[in-house]
Colleague: 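Take a look at the following structure, please.
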Protein chains: 2
Amino acid sequence: MAERGTRSDRPARERVLEAALDLFAEHGVSGTSLQMIADRMGVTKAAVYHQFHTKEDIVFAVVGPALDRLVEIADAIGGEPDQERRFTATLAGIIDLIITHRRLAAIVQFDPMVARLVRGHPAHASFERIRALFTGPDPDGSALVAAAMVSGGLIVAGVDPALARLSDDELRKHLFDTAARLLRPLPGVPPATA
Amino acid sequence: MAERGTRSDRPARERVLEAALDLFAEHGVSGTSLQMIADRMGVTKAAVYHQFHTKEDIVFAVVGPALDRLVEIADAIGGEPDQERRFTATLAGIIDLIITHRRLAAIVQFDPMVARLVRGHPAHASFERIRALFTGPDPDGSALVAAAMVSGGLIVAGVDPALARLSDDELRKHLFDTAARLLRPLPGVPPATA
């Protein structure tokens, strides 16, 4: 790691990331250049380059914390022997992650460049472990589709204009209840205890 | 309309659209240029320009038929007085549309440029009418999240690698059953009759 992110650098770094996230939403990741980020900030491209040498660096700075958290959630699965608590904690953790990054999920999820970057990140395997927890072992077509609907719903939740009026707490509760309603009936997933 | 799409032009037009769809999947719509499409086809940019003058024209040619079909599905809602048949036919129509365009939905759904184009298309209002049919009138947070989860799931179904091994018929059946399981319990949506 280069010596970035010292206290005096932080505001400039964060302004780059904010401008980048705005532009990703407007033009897609692939349609955003370092020059566009500089123009949006009213600085030179060299000033952006001082913080990040490539767009890949910026994308990783934007999505990295969310990917790291996804790995933590998946790693916690093995440490929780109780089946019901394991399911509940994992689903709640994923939903918290989505809500913390409401704008981010859909903006980057379907971007081909981001997809290529994520394929090389440990979060890719973590995502598969979490999906396996949700579907149970050897899922049939019905279980696979239920899991795909849950993950699709979680991904779009942050950008669906119809959901914009829900508070974070309302969104968290309804996402949990709706996802549980789809997943609980699957074999290998604990039924609700209440 | 210019005189495009005559029988002799058709293969060249279709080859442009195929190359464009491949590149959209690899680089996003915003990250794809007419020059990249020409390079992929091994022709000059002028040859692409002979078929389509702007990238917007290509995007509309790619997504237009699906948007037109969405409008037809929404228009049929008013002509079906039976509540149960209205729900079933609309959901089945949307799922058929998704399956016919398995690759297309997620590639273009979250692209900011496509989103801007769709906002000016009648399909935008059709989408809202279909959502209102699915949630019932005055939906609460729970109904909105259920509908968001269904639409998110339908959108990702075509590109989720875990679903790639399902045939079109399996995917159609499981998407219908899973979506109905989420939507049927909502007030204003008919319960299953079987």
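Since the model is a prediction, treat every value here as computed from it, not as a measurement.
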Colleague: Under 4.5 Å from any heavy atom of chain A, what part of Ala148(B) do you find: side chain, backbone, both or neither?
Modeller: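 It is both, since atoms from each part get that close.
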
Colleague: Select, from Glu128(A), Glu170(A), Arg181(A), the one with the greatest count of heavy-atom pairs under 4.5 Å involving chain B.
Modeller: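 Result: the option with the highest number of such pairs is Arg181(A).
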
Colleague: For residues 141-166 of chain A, which residue pairs pass the salt bridge (Lys or Arg N to Asp or Glu O under 4.0 Å) check, not counting sequence neighbours?
Modeller: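 Output for this query lists Asp160(A)-Arg131(B).
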
Colleague: Hydrophobic clusters here meaning ILVMFWY residues chained together by side-chain heavy-atom distances under 4.5 Å, can you tell me if Val71(A) and Ile73(A) are in one?
Modeller: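 Unlinked, Val71(A) and Ile73(A) end up in two clusters.
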
Colleague: Can you confirm whether Asp138(B) is buried at CG, in the sense that more than 12 heavy atoms of other residues, nucleotides or ligands lie under 6.0 Å from that atom?
Modeller: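 No - once you tally the heavy atoms of other residues, nucleotides and ligands closer than 6.0 Å, there are 12 at most.
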
Colleague: Show, in sequence, the C-alpha distance, side-chain angles and deciding distance for Val145(A) and Leu166(B), and conclude whether the side chain to side chain contact (heavy atoms under 4.5 Å, CB included) test is met.
Modeller: CA-CA 10 Å; Val145(A) 168; Leu166(B) 300 182; 3.8 Å; yes

Colleague: Answer with side chain, backbone, both or neither: which region of Ala25(A) has an atom nearer than 4.5 Å to a non-hydrogen atom of chain B?
Modeller: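 The answer is the backbone of Ala25(A).
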
Colleague: Check whether Leu175(B) gets within reach of chain A through its side chain, its backbone, both or neither, counting any heavy atom under 4.5 Å.
Modeller: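 Both parts, backbone and side chain.
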
Colleague: Considering residues at least two apart in sequence or located in another chain, which fulfil the salt bridge (charged side-chain N to carboxylate O under 4.0 Å, His left out) criterion with Lys173(A)?
Modeller: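 For Lys173(A), the residues satisfying salt bridge (charged side-chain N to carboxylate O under 4.0 Å, His left out) (neighbours in sequence not counted) are Asp177(A).
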
Colleague: Mind running side chain to side chain contact (heavy atoms under 4.5 Å, CB included) on Met149(B) and Leu182(A) for me, showing each step along the way?
Modeller: CA-CA 10 Å; Met149(B) 205 162 272; Leu182(A) 276 180; 4.2 Å; yes

Colleague: Do you know the tightest heavy-atom contact between Ser30(A) and Gly31(B)?
Modeller: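 Shortest heavy-atom contact: CB-CA, 3.8 Å.
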
Colleague: Counting heavy-atom pairs closer than 4.5 Å to chain A, which one of Thr135(B), Leu171(B), Leu144(B) comes out on top?
Modeller: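 Maximum pair count with chain A is reached by Leu144(B).
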
